[in-house]
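Encoded as structure tokens, the structure appears first; notes follow it.
So you know, we letter chains A, B, ... as the sequences are listed, proteins then strands, and number each from 1.
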2 protein chains.
Amino acid sequence: MAAVKRLTQRDIAQLAGVSQATVSLVLNGTPLSRSRIPTETRERVEKVIRDTGYVADPVARKMVKGLNRILGVFTYEPAFPSGQADFFTPFLFGIEEAAQSLGYDLLLLTGAGQQRKIFGDNVRLRLADGCVILGRKFDNTELARLVAGDFPFVAVGRRDDAGGPVPYVGGDYAPATSALVERAKSYGHRRIAYVGLNEGAESTVDRWYGFSRSVGEAELVTSIFEVGRPPNEVLDILLSAGATCVFVTELADAIAIEHAARTRGLSIPDDLSIVVLGNHIRAEEPGRRFTSFAIPREAMARAATEMLVRRVEHDAPVEQLLLHCEPLEGDTLGAPSSKIKKTK
Amino acid sequence: MAAVKRLTQRDIAQLAGVSQATVSLVLNGTPLSRSRIPTETRERVEKVIRDTGYVADPVARKMVKGLNRILGVFTYEPAFPSGQADFFTPFLFGIEEAAQSLGYDLLLLTGAGQQRKIFGDNVRLRLADGCVILGRKFDNTELARLVAGDFPFVAVGRRDDAGGPVPYVGGDYAPATSALVERAKSYGHRRIAYVGLNEGAESTVDRWYGFSRSVGEAELVTSIFEVGRPPNEVLDILLSAGATCVFVTELADAIAIEHAARTRGLSIPDDLSIVVLGNHIRAEEPGRRFTSFAIPREAMARAATEMLVRRVEHDAPVEQLLLHCEPLEGDTLGAPSSKIKKTK
DNA sequence: CAGAAGTGCTAATGCGTATTAGCAGATAAT
DNA sequence: ATTATCTGCTAATACGCATTAGCACTTCTG
């Protein structure tokens with residue numbers, strides 16, 4: 001309706017019959033300077049502020065102070081599309097929760113266009129005091145620039161050095177994977193397979209590292225370093241290699257393999273144990289519950305947010321934190337059937 | 001680590017032997033003013049910029065330009081908790097999509113505590129250029145203040161006047177409900193019931209309005225204006241009233257009623273048709289698909305965001321938009337069985 | 001009763017940029 | 001030769017706020 005003219009401190013000052021400086025002092029004066037403003041005046045100003053709903057312009061504030069009590073959230077992939085929703089939602093929830101309790105608002109950076117870049121001509125990121133970065137795969141050039149620069153940020157998920165240590169909070173996938181391997185071995189599995197990528201994103205590498213350091217040479221019977229291959233084909237390879245247990249990085253693959261196996265009349269876990277490395281999708285999925293480990297997404301996001309605030313407020317040094325991933329019992333890992341054992 | 005002093009245009013100017021104004025003009029002068037700077041000078045400045053890696057401080061830039069290109073998102077209920085997730089996620093997705101394509105970032109207001117108020121002390125809504133408001137039920141006092149004020153906002157969901165017309169984008173529930181009633185009647189239903197609230201939130205009122213204007217006096221055999229009543233009790237009432245078809249506003253109630261009916265050996269839709277007024281939860285729910293209508297949540301959110309930007313950028317007048325809700329075929333609405341027909 | 005200390009407030013300044021008005025010199029037009 | 005136009009640049013200002021120095025006045029101190 002009326003012109004989109006933002007209220008300024010000058011307007012407030014005029015309404016309250018004081019100067020702009022006084023308004024500013026009322027809003028955020030030090031206890032020292034505050035004591036020089038009598039209660040009467042302060043209340044008069046505060047009333048006008050309340051009545052008008054005035055809030056200091058964060059841009060001007062940022063110009064002079066540097067801080068805004070706003071945290072940026074940058075996601076390399078669009079955050080909400082349904083496909084990604086189950087992946088990002090817990091993170092966003094955790095970030096929101098922590099931000100709220102720390103008194104920060106969230107600036108969701110929409111990535112402006114097709115290419116999501118932190119450093120575009122839209123460096124709007126800097127409006128925030130700092131930034132949480134989400135995504136399966138990061139742009140390493142940008143990460144290096146961030147590390148080199150002086151803008152506070154924290155990554156969710158472990159990141160390799162990028163011209164310096166990257167502050168992050170991640171899931172401790174390697175030991176979690178190792179633990180599952182040990183569990184499989186203690187069940188008697190001696191012919192184990194791996195299906196999934198073994199390089200690329202750090203999270204992938206960590207899983208493979210944890211797996212390979214616990215599996216002996218003799219025990220790893222086959223590995224399929226790709227995702228989304230036709231399940232029957234995968235199953236053929238597994239069976240002909242005599243695998244009694246398969247570790248799968250992607251839940252979707254695990255589901256497909258399990259389905260294929262059942263179709264052939266195989267029993268799980270008797271004829272083939274399946275272990276998934278991380279609960280990628282909602283846990284309440286109906287039907288079979290895969291043996292896996294939990295990824296504490298909300299806790300990771302909360303910790304990352306708190307770490308970020310530490311960096312923003314106290315210029316804290318770079319921290320790197322890996323959170324424990326609890327094993328999920330599930331019902332797809334068991335002792336191999338004696339029949340298969342014999343064929344070995 | 002130590003706060004390295006950012007390069008400013010003044011530094012660039014000094015290095016290039018020109019004034020700050022010239023640097024600014026080189027960076028973003030109009031073709032008009034640009035033509036007044038000889039190539040030689042421009043290239044000298046550009047070289048310095050390239051060599052130093054200077055980037056204009058976006059904060060200062062915004063300061064002088066006025067708008068922040070930020071849209072606020074205010075939700076009356078916390079947005080992310082899993083219970084609400086299915087309700088809010090499509091909206092957030094739509095908002096994000098539209099904001100992105102329009103070049104806006106999103107400021108998620110974290111609501112800071114238990115009571116969510118727009119005009120609280122620490123709600124810094126006004127950081128944004130405008131605001132999208134989400135929620136099942138609004139605070140009418142606040143809405144009135146918003147309407148009276150000059151802060152651009154758009155509500156998602158129809159809203160009654162609050163001291164003036166409220167700009168909104170909603171779902172057109174009344175005709176969608178009417179259409180389902182007509183469909184039921186054309187199947188031969190003459191004894192129809194209604195289960196759900198009929199007053200309160202606008203969306204509720206619209207459903208009841210659409211229902212009651214299409215159902216004749218004689219056809220409405222009973223109505224239960226409450227939610228969450230024990231399903232067996234509800235079913236008793238429906239059956240003793242001789243209803244052949246029941247309209248339910250809450251999916252949860254519909255599920256409960258359907259379950260109770262099946263338990264008693266009733267067949268749906270033969271013995272009892274069930275119509276749900278709106279797909280409140282994810283459509284891909286396994287099992288029975290209720291006859292209902294689709295709520296175009298993403299489209300609503302997109303339209304609301306676009307409307308908001310229109311208001312922010314061009315000071316556009318208040319608009320009110322209701323989007324069509326497509327009927328969902330489902331399999332819980334069919335012709336009443338002749339047996340029941342006879343009992344009538 | 002002079003000086004010190006305290007009180008209540010404001011003018012002035014700077015943050016880094018975009019933008020406008022306009023200056024000095026050169027060239028063209030009359 | 002005088003004015004008009006163009007060229008190449010810069011000074012000055014505004015954006016909205018936080019912050020410092022300090023003014024005018026009152027009250028206390030010795």
Side-chain atoms of B/Pro38 come closest, of D/dG8, D/dC17, D/dT10, to D/dG8
Whether A/Tyr54 contacts D/dC17 is assessed here as follows: a side-chain N or O lying under 4.0 Å from the phosphate OP1 or OP2. Is that the case? yes
To the nearest angstrom, the CG-P distance between A/Leu25 and D/dG22 comes to 17 Å
inquiry  = Does D/dC9 have OP1 or OP2 under 4.0 Å away from a side-chain N or O of B/Thr41?
reply    = yes
Looking only at C/dA18, D/dC17, C/dT20, the nucleotide nearest the A/Val64 side chain is D/dC17
Note: for B/Val18 and A/Lys65 on DNA chain D, the residue whose nearest nucleotide lies more 5' is B/Val18
Determine yes or no for a side-chain-to-main-chain donor-acceptor pair under 3.5 angstrom, with A/Asp139 supplying the side chain and A/Thr141 the backbone. yes
hbond_proxy A/Gln20 side chain to D/dA18 base (donor-acceptor, 3.5 Å cutoff): yes
Closest of C/dA12, D/dA18, C/dT19 to the B/Ala21 side chain is C/dT19
Exactly one of A/Val156, A/Leu322, A/Leu323, A/Thr305 clears side chain to side chain contact (heavy atoms under 4.5 Å, CB included) with A/Val169, and that residue is A/Leu323
Exercise for review: Examine D/dA18: is either OP1 or OP2 under 4.0 Å from a nitrogen or oxygen in the side chain of A/Arg61? Give yes or no.
Suggested key: yes
- Is the NZ or CZ atom of A/Arg69 both under 6.0 Å from the centre of the six-membered ring of A/Tyr104 and within 45° of that ring's axis? yes
Paired with A/Thr41, the side chain to side chain contact (heavy atoms under 4.5 Å, CB included) test is passed by just one of A/Val26, A/Leu25, A/Val18, namely A/Val18
In whole angstroms, the gap separating C1' of C/dG8 from CD of A/Glu43 amounts to 16 Å
A/Asn28 atom CG is separated from D/dG16 atom C1', nearest whole Å, by 13 Å
- Query: So, is A/Thr22 near the phosphate of C/dT10, with a side-chain N or O under 4.0 Å from OP1 or OP2?
  - Reply: yes
Rounded to whole Å, the CD1-P distance (A/Ile37 to C/dT7) equals 13 Å
note: A/Arg42, atom CZ; C/dT7, atom C1'; distance rounded to Å ~ 15 Å
To the nearest angstrom, the CD-C1' distance between B/Gln9 and D/dA11 comes to 15 Å
Against the side chain of A/Ala60, the closest entry in D/dG16, C/dT17, D/dT19 is D/dG16
Among the nucleotides C/dC15, D/dT19, C/dT17, whichever has the atom closest to the side chain of A/Met63 is C/dC15
Measuring only between side-chain heavy atoms, which start at C-beta, is A/Leu107 closer than 4.5 Å to A/Phe74?
no
Quick note, A/Arg36 side chain, CB onward, closest among D/dG22, D/dG16, C/dG16 is D/dG22
A/Asp11 atom CG is separated from D/dC15 atom P, nearest whole Å, by 11 Å
Whole-Å distance, A/Glu40 CD to C/dT7 P, equals 16 Å
